[in-house]
Amino acid sequence: YSFFPGMPRWSSRRRDLTYAFDPRNQLSDDVKRVFGNAFTRWSEWTPLTFTESSNYDTADLKIGFYGGNHGDGEDFDGVLGTLAHAFAPPRGLLHLDSDETWIIDDVFASGSPSAMDLESVAVHEIGHLLGLGHSSIEEAVMFPTISSGVRKVELARDDVEGIQVLYGSNPDSNSTVGPTFGGRETSGAH
Amino acid sequence: HFFPNVSSIPPSLLPNTTAGAWDSFHKLSGCHSGQTVPGISKLKTYLHYFGYIGNASKNYTDDFDDGLESAVKNYQLNFNLNTTGELDEPTVNQILKPRCGVADIINGSSTMNSGKAASMVGHTVAH
């Protein structure tokens, strides 16, 4: 695991974070549910909680889907290539490439060379929102690359160790016993 | 585009190739230091974007120079590949994979496995 320079994190007074979606995207409840699941992957292991807000302007974490040049100097590049990016605390911005073909339920039937599992990418980018950098551990959610047709949503031990350096463990569960560490689920095609 | 699964995607929307933004890197497989190959400049832009080449430049050359070799070795180290410094097939295959847009190396210092060292230092200080 790694951190951003200076190890930025949300302050100890900010444990209950809110998130909202750019209203211009008009996302369906199914898509929003995927992000709710993705946030839960991190709250399982930390004292943090995440609550969806309908007020985009005041939310701590802002999520949006944009194509190409979307004004932050980090242009997206169409199908595949760069999928998404997020900014270190306390900026709280998470952007996803609207040109991707996002699968929100069953990536296993994939076989498609370009369909990406949305929850896998969401879990990874939320790690950045909380202060984690990339990891060299391939099983880790924070490993930078992911192939189409691959679903990787449960935190690996490396992810948990990193996030608990920043925030400590979930007071409701013992850090040695808790959700199972994740593994990588891949479609038969891979 | 959001779909519950692939079978619900209209065929017209499913490109039948993996031609992505970096597909041209296929041609660089096997390249090594000392060569000049068209397309290397685009790879240098990619490696700069993700933190492996420090100084930004608008006109990178197509020369496989020392700076590129060092960047490729760093990349191979981060991705648990043999640090040959050459664009061997496993390295090109990894570069082609879809990925997160956040840099792997930020400010030239934090590599992808530096967390443990940082937290140990922090831990020691705390003690």
Side-chain angles (χ1 to χ4, degrees), chain A residues 1-5 7 27-28 30-31 34 74 76-88 95 97-116 118 121 124-125 128 132-138 142-149 158 161-162 165, chain B residues 1-11 13-25 42 45-46 49-51 74-81 93-123 126:
Chain A
Y1 57 83
S2 70
F3 306 112
F4 290 97
M7 286 177 75
L27 298 177
S28 68
D30 284 339
V31 173
V34 169
E74 312 275 342
F76 285 134
D77 51 9
V79 176
L80 303 180
T82 303
L83 301 172
H85 54 232
F87 295 81
H95 298 165
D97 189 345
S98 57
D99 286 332
E100 305 297 346
T101 300
W102 296 107
I103 299 296
I104 58 176
D105 263 337
D106 177 9
V107 79
F108 284 119
S110 166
S112 153
S114 61
M116 300 305 301
L118 180 59
V121 174
H124 176 99
E125 299 305 331
H128 288 317
L132 283 179
H134 283 154
S135 169
S136 283
I137 307 296
E138 190 159 357
M142 295 314 292
F143 193 75
T145 62
I146 187 167
S147 299
S148 55
D158 185 70
E161 287 176 356
V165 168
Chain B
H1 311 267
F2 304 102
F3 301 91
N5 52 53
V6 172
S7 47
S8 59
I9 302 175
L13 273 185
L14 255 184
N16 59 9
T17 69
T18 55
W22 305 320
D23 205 58
S24 60
F25 293 159
K42 186 177 176 185
T45 304
Y46 170 99
Y49 186 80
F50 293 112
N74 251 341
Y75 182 90
Q76 288 167 332
L77 201 63
N78 268 346
F79 284 87
N80 314 304
L81 299 162
N93 285 344
Q94 185 66 256
I95 287 173
L96 285 170
K97 283 185 180 176
R99 58 163 292 155
C100 169
V102 174
D104 300 334
I105 299 176
I106 299 171
N107 300 344
S109 60
S110 61
T111 62
M112 293 173 15
N113 48 23
S114 57
K116 285 196 171 71
S119 50
M120 286 309 288
V121 168
H123 190 70

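Side-chain atoms are counted along with the backbone in the values below, which use heavy atoms only and exclude waters and symmetry mates. Per chain, numbering begins at 1; letters A, B, ... match sequence-line order. Keep in mind the model is a prediction, meaning the values are calculated, not measured.
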Peer 1: Show, in sequence, the C-alpha distance, side-chain angles and deciding distance for B/I106 and A/F3, and conclude whether the side chain to side chain contact (heavy atoms under 4.5 Å, CB included) test is met.
Peer 2: CA-CA 10 Å; B/I106 299 171; A/F3 306 112; over 6 Å; no
Peer 1: How close do B/V102 and A/H134 get, counting heavy atoms only, and between which atoms?
Peer 2: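 Shortest heavy-atom contact: O-CE1, 2.9 Å.
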Peer 1: Is B/Y46 in contact with chain A via its backbone, its side chain, both, or neither, using a 4.5 Å heavy-atom distance?
Peer 2: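 For B/Y46, neither part sits under 4.5 Å from chain A.
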Peer 1: Do you know which of B/P98, B/A103, B/G101 has the most heavy-atom pairs under 4.5 Å to chain A?
Peer 2: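 Most pairs with chain A among the choices: B/P98.
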Peer 1: Roughly how far, to the nearest 0.5 Å, is CG of B/N93 from OG1 of A/T145?
Peer 2: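 Reported to 0.5 Å precision, the distance equals 11.0 Å.
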Peer 1: Specify which of A/G78, A/P144, A/S135 makes the most heavy-atom pairs with chain B at under 4.5 Å.
Peer 2: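 Most heavy-atom pairs under 4.5 Å with chain B: A/P144.
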Peer 1: Checking A/S136 side chain against B/N78 main chain: does a donor-acceptor pair fall under 3.5 Å?
Peer 2: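 Between the backbone of B/N78 and the side chain of A/S136 there is a qualifying donor-acceptor contact (under 3.5 Å).
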Peer 1: Please flag which part of A/F143 lies under 4.5 Å from any non-hydrogen atom of chain B: side chain, backbone, both or neither.
Peer 2: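 The side chain, not the backbone.
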Peer 1: Check each atom of A/L132 against the heavy atoms of chain B and say whether the ones under 4.5 Å are side chain, backbone, both or neither.
Peer 2: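 For A/L132, neither part sits under 4.5 Å from chain B.
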Peer 1: Is chain B contacted by the side chain of A/S98, its backbone, both, or neither, given a heavy-atom distance below 4.5 Å?
Peer 2: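 Backbone only.
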Peer 1: For A/D99, is it the side chain, the backbone, both, or neither that has a heavy atom closer than 4.5 Å to a heavy atom of chain B?
Peer 2: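 A/D99 touches chain B through backbone heavy atoms alone.
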Peer 1: For A/A86, is it the side chain, the backbone, both, or neither that has a heavy atom closer than 4.5 Å to a heavy atom of chain B?
Peer 2: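 The backbone, not the side chain.
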Peer 1: State the NZ-CG distance between B/K97 and A/L80, to the nearest 0.5 angstrom.
Peer 2: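 With rounding to 0.5 Å, NZ (B/K97) is 13.0 Å from CG (A/L80).
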Peer 1: Answer with side chain, backbone, both or neither: which region of A/E100 has an atom nearer than 4.5 Å to a non-hydrogen atom of chain B?
Peer 2: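 Contact with chain B involves the backbone of A/E100 alone.
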Peer 1: Can you tell me how far CZ of B/R99 sits from OG1 of A/T82, rounded to the nearest 0.5 angstrom?
Peer 2: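 Interatomic distance, A/T82 OG1 to B/R99 CZ, rounded to 0.5 Å: 7.5 Å.
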Peer 1: Who among A/D97, A/V34, A/D77 has the most heavy-atom pairs with chain B under 4.5 Å?
Peer 2: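 Ranked by contacts with chain B, first place is A/D77.
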